[in-house]
Protein chains: 2
Amino acid sequence: MNTLSYGLLSFLSRSSCSGYDLMLQIQPFWPAKHSQIYPLLAQLEKDEYVQYEHISQSDKPDKKVYSLTDKGIEALREWLSEPASDPVMRDDLYLKVFCMSLVDSNTARNLFINRLQHYQQKKLKFDNKLPQLQCMTGLPPDEIPSFDSPFFGAYLLLQKAISVNDANIKWCEWALEQIASPAAEKRDSVE
Amino acid sequence: MNTLSYGLLSFLSRSSCSGYDLMLQIQPFWPAKHSQIYPLLAQLEKDEYVQYEHISQSDKPDKKVYSLTDKGIEALREWLSEPASDPVMRDDLYLKVFCMSLVDSNTARNLFINRLQHYQQKKLKFDNKLPQLQCMTGLPPDEIPSFDSPFFGAYLLLQKAISVNDANIKWCEWALEQIASPAAEKRDSVE
DNA sequence: GGAGGCATGTAACACGTTACATGATTTG
DNA sequence: CAAATCATGTAACGTGTTACATGCCTCC
């Protein structure tokens, strides 16, 4: 039982769904391809953490809809009682920043301009998801779902994603201010 | 040439050092064990991106001090001209949050209490490193190193780490407010 | 008619961790 | 006297990505 296996059980605790569906849902939280997920689901089924029902579809390919067994729920409960492991972040921008002085400031600036765009695109996505989530809760706007709400977890994680992303946007903008472009320097001295 | 290989070259661009040293330095930015680093260094040396000098030591074991070749520097320059890849984050807390409703609020709170402690420990480390870095630059306090300074990159990354970590601390504290503990509820109703 | 989505699976490869192996020196 | 640090390396294993494989349906 590795972390991804628990992740799959975790999403199945919210609603039964297919391996394909799980793959799409888990992406933002624990990147994984279908080639990794399908064999794990088969193993989880063999070990009786999940069970599946074969669903015939006419318009789309048939699918296996997985759901948690009691053993699966118990496994999740035990997993939740252990503290979370330290998060792991891998970002090659960190590594590039360390040797940035090897290139001119325009090349260095481009690294931050590209990354800033990345964070801004993420911001757009989050800004769309927030009212969407609010709507699903059925609560009046600006009211926070409670611990019992099935949307509580998603709400917490969206808030985290937004605040960290905003910090990253500010960081990129600040970094770009620190790296004056040669063009800007020329402009400054002319003006 | 994978990302870790470029990472090793990147750190060598700052100063020549041993594989052991590289392992220690690269940890916070791209977690890697010595068992992964030593073979990569051997490959980089074979491909002439780096070269090494055997240094005999009396008090400690001998070591190989690696340094960049011209080919290595050129490889770094090309790598820097390409945009950074999307960062990858893996955090099992995200997955646990999705199935939190399976356990009582105290068990859920513990997840955030543990994680909060983790972020607070990181904050202490960062708060120590900042004046240390300031000192190394030789600049007056609160002055920001410029793009040309060898400490510019480290300064940028430390600022990012601090701001993201602070956002995470606030998030944990806010989440804990949202998850009222049963004990707190009892207290509230008694008072 | 081609592209993309739905849906499942396997095989080969790349990347990362744990364990095995050695051995001197320093610190508690 | 045990544990930690410095220092290097290999082997086995676990995890993650890319590519191979199939097939139907819908939208442009």
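Numbers restart at 1 for each chain; the letters A, B, ... are given by sequence-line order, proteins then strands. Small disclaimer: the values here were computed from a predicted structure and weren't measured.
Toward the 5' end of DNA chain D, the nearer of the two residues A:Pro61 and A:Leu4, judged by each one's closest nucleotide, is A:Leu4. Each of B:Asp62 and B:Val88 was assigned the nucleotide of DNA chain D with the nearest heavy atom; the assignment lying further toward the 5' end belongs to B:Asp62. Two residues, A:Lys63 and A:Pro39, neighbour DNA chain C, and the one matched to the more 5' nucleotide by heavy-atom proximity is A:Lys63.
For A:Tyr38, counting side-chain heavy atoms from C-beta on, the closest listed nucleotide (D:dC6, D:dC25, C:dA7) is C:dA7.
As rounded to whole Å, 10 Å separates atom C1' of D:dT8 from atom NE2 of B:His54. Going from atom CG of B:Leu40 over to atom C1' of C:dA14 covers 11 Å, rounded to whole Å. One interatomic measurement links the two molecules: CG of A:Leu44 to P of C:dG9, which rounds to 13 Å at whole-angstrom precision. Between the NZ atom of A:Lys60 and the P atom of C:dG4 there is a distance of 19 Å, rounded to whole Å. Atom-to-atom, CG of B:Leu8 to P of C:dG16 comes out at 11 Å; the value is rounded to the nearest Å. Distance, B:Ile55 CD1 to C:dA24 P: 21 Å, rounded to whole Å. The separation between A:Arg90 atom CZ and C:dA14 atom P is 18 Å, rounded to whole Å.
OP1 or OP2 of D:dC6 has not a single side-chain nitrogen or oxygen of B:Gln57 nearer than 4.0 Å.
Ring orientation note: the planes of A:Phe11 and A:Phe29 are tilted relative to one another, at an angle of 30° to 60°.
There is a side-chain donor-acceptor pair under 3.5 Å between B:Asp104 and B:Thr107. Between the side chains of B:Gln132 and B:Asn128, no donor N or O sits under 3.5 Å from an acceptor N or O. Side-chain contact annotation: B:Ser163 with B:Asp166, donor-acceptor N/O pair under 3.5 Å absent.
When the shell of 6.0 Å around CG of A:Asp59 is examined, it contains more than 12 heavy atoms from other residues, nucleotides or ligands.
Remark: B:Asn2 pairs with B:Leu4, B:Ser5, B:Leu40 by the side chain to side chain contact (heavy atoms under 4.5 Å, CB included) rule, at least two apart or across chains.
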Name each donor-acceptor pair under 3.5 Å that joins a side chain in residues 141-159 of chain B to protein atoms two or more places apart or in another chain, with its distance.
from	atom 1	to	atom 2	distance (Å)
B:Ser149	OG	B:Phe151	N	3.0
B:Tyr155	OH	B:Gln159	NE2	3.3

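Interface residues of residues 14-36 of chain A facing DNA chain C, ordered by number: A:Ser18, A:Gly19, A:Tyr20, A:His34, A:Ser35; criterion, heavy-atom separation under 4.0 Å.
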